[in-house]
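Structure first, then comments.
Chain A is the first sequence line, chain B the second, and so forth, proteins listed ahead of strands; every chain is numbered from 1. Atom set for the values below is all heavy atoms of this structure, side chains included, hydrogens, waters and symmetry mates excluded. The model shown is predicted, which means the values in this text are computed figures rather than measured ones.
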Number of protein chains: 2
Amino acid sequence: MAVIRNTKQRQAIREVFEAAGRPLSAAETVGLARRKQKALGTATVYRAINALVEDGWLVPVELPAEPARYEVAGLRHHHHFYCRSCRKVYDIEGCPSDFISFTPTGFELEAHEVILYGRCDKCTHAA
Amino acid sequence: MAVIRNTKQRQAIREVFEAAGRPLSAAETVGLARRKQKALGTATVYRAINALVEDGWLVPVELPAEPARYEVAGLRHHHHFYCRSCRKVYDIEGCPSDFISFTPTGFELEAHEVILYGRCDKCTHAA
DNA sequence: GTCGTTGCAAAGCGTTTGCAGCCTA
DNA sequence: TAGGCTGCAAACGCTTTGCAACGAC
């Protein structure tokens, strides 16, 4: 059984996600983690993220036509808001639910995804 | 101003979308269109699709972690169902609406996307 | 010392682009 | 005949992988 080692690189990556409070892409993670840990290859970040997802510590947040983002696991059921201006993704509380009534007959519903698009508060006020 | 020419290749591609009744990826389009038009490069399909999107004849259907799909324009507001078994995408009628109440204060909502995941009728009955 | 981890560079995958030749209007 | 269109191959951006060196336990 694989033992998971606690390296400086992975430490920095975990800290970045804990501090973020929103989903981060691999590229964002590289940028933020390099502030803490100068020597950090992109392949290392990708491997660390994948390992953390396997461990269940991170959860992938996939948006259409966007590179995958990740956020710490354990959050309540929620969805995401994509700011078209700064391209950041924010968590939003709640869920419109009742998707079963929209499922065509004969189809089996297992999960759903809701994504809102627009401008975040920062970008709205900046304009 | 660019004049759009009516080639065998583009004719075949248009026919494929008209017959599909569901969103098709570029790869699916290549496969289906080659049945009508043997000589057909993948770059040609990508260029034709992009041109048809510019013309407003096709609309992109983007799903998380999936290559872009496209469907003929002019359909009523609707969303999509992704079959995890056959990986096909189906249109679904209706919309749960009322996403404004889930939009955080200060944020500006411009659009929304709803995606249902599960198994289509064919795959449910095949199992 | 073991063996998981790192960084680099190369490979992968889906998509786009450069270019010479082709063919529609 | 002009210039949009095609096919090939090379380039692209993002992600994964091979490999030798490194370092946590």
Check: Looking only at side-chain N and O atoms, does Lys8(B) come under 4.0 Å of OP1 or OP2 in dT24(C)?
Finding: yes
Checklist line | Protein-nucleotide distance (Glu66(A), atom CD; dG13(D), atom P), rounded to Å | finding: 16 Å
Check: Toward the 5' end of DNA chain C, which comes first, Ala26(B) or Arg5(B), by nearest nucleotide?
Finding: Ala26(B)
Check: Roughly, in whole Å, what's the span from CG in Leu52(B) to P in dG4(D)?
Finding: 17 Å
Checklist line | Nearest-Å distance for atom pair CD1/C1', residues Ile13(B) and dT6(D) | finding: 11 Å
Margin query: Looking at dT16(D), I'd like to know if its phosphate oxygens (OP1 or OP2) sit under 4.0 Å from a side-chain N or O belonging to Asn50(A).
Written below: yes
Note to self: Gln11(A) and side-chain hydrogen bond (donor to acceptor under 3.5 Å, both in side chains): which single residue from Arg14(A), Lys8(A), Gln9(A) fits?
What the structure shows: Arg14(A)
Checklist line | Single-linkage hydrophobic cluster, 4.5 Å side-chain cutoff, Phe107(B) and Leu63(A) together | finding: no
Next item on the list: Report the distance from atom CD of Glu62(A) to atom P of dC14(D), rounded to the nearest whole Å.
Entry: 15 Å
Margin query: It should be established whether Arg10(B) places a side-chain nitrogen or oxygen under 4.0 Å from OP1 or OP2 of nucleotide dT6(D).
Written below: yes
Note to self: Does dC5(D) have OP1 or OP2 under 4.0 Å away from a side-chain N or O of Thr44(B)?
What the structure shows: no
Next item on the list: Side chain of Ile4(A) only, please: which of dT17(D), dT15(C), dT5(C) is the nearest?
Entry: dT5(C)
Next item on the list: Select one nucleotide: of dA9(D), dT15(D), dT15(C), the one nearest the side-chain heavy atoms of Tyr46(A).
Entry: dT15(D)
Check: Over how many whole Å does the gap from Gln11(A) atom CD to dG23(D) atom C1' extend?
Finding: 16 Å
Check: Arg47(B) near the nucleic acid: base, sugar-phosphate alone, or nothing, with a heavy-atom cut-off under 4.0 Å?
Finding: base
Check: Which residue, Gln9(B) or Tyr70(A), contacts DNA chain D at a nucleotide closer to its 5' end, judged by nearest heavy atom?
Finding: Gln9(B)
Margin query: Has Arg34(B) got a side-chain atom pairing as donor or acceptor with Leu40(B)'s backbone, closer than 3.5 angstrom?
Written below: yes
Note to self: Could you tell me how far apart Gln37(B) (CD) and dT24(C) (P) are, to the nearest whole angstrom?
What the structure shows: 11 Å
Margin query: Quick check on dT6(D): is either OP1 or OP2 less than 4.0 Å from any side-chain nitrogen or oxygen of Thr7(B)?
Written below: yes
Check: Just how far, in rounded Å, is P of dC5(D) from CZ of Arg14(B)?
Finding: 11 Å
Next item on the list: Could you pull out all residues at least two apart from His77(A) that satisfy ring-ring contact (aromatic ring centres under 6.0 Å, His included)?
Entry: His79(A), His112(A)
Note to self: Mind checking if Ala68(B) touches a base, just sugar-phosphate, or nothing, with heavy atoms under 4.0 Å?
What the structure shows: sugar-phosphate
Check: Same hydrophobic cluster for Val89(A) and Val72(A), using side-chain heavy-atom links shorter than 4.5 Å among ILVMFWY?
Finding: no
Margin query: Using a 4.0 Å heavy-atom cut-off, does Ala39(B) contact any base of the nucleic acid, only the sugar-phosphate backbone, or nothing at all?
Written below: sugar-phosphate
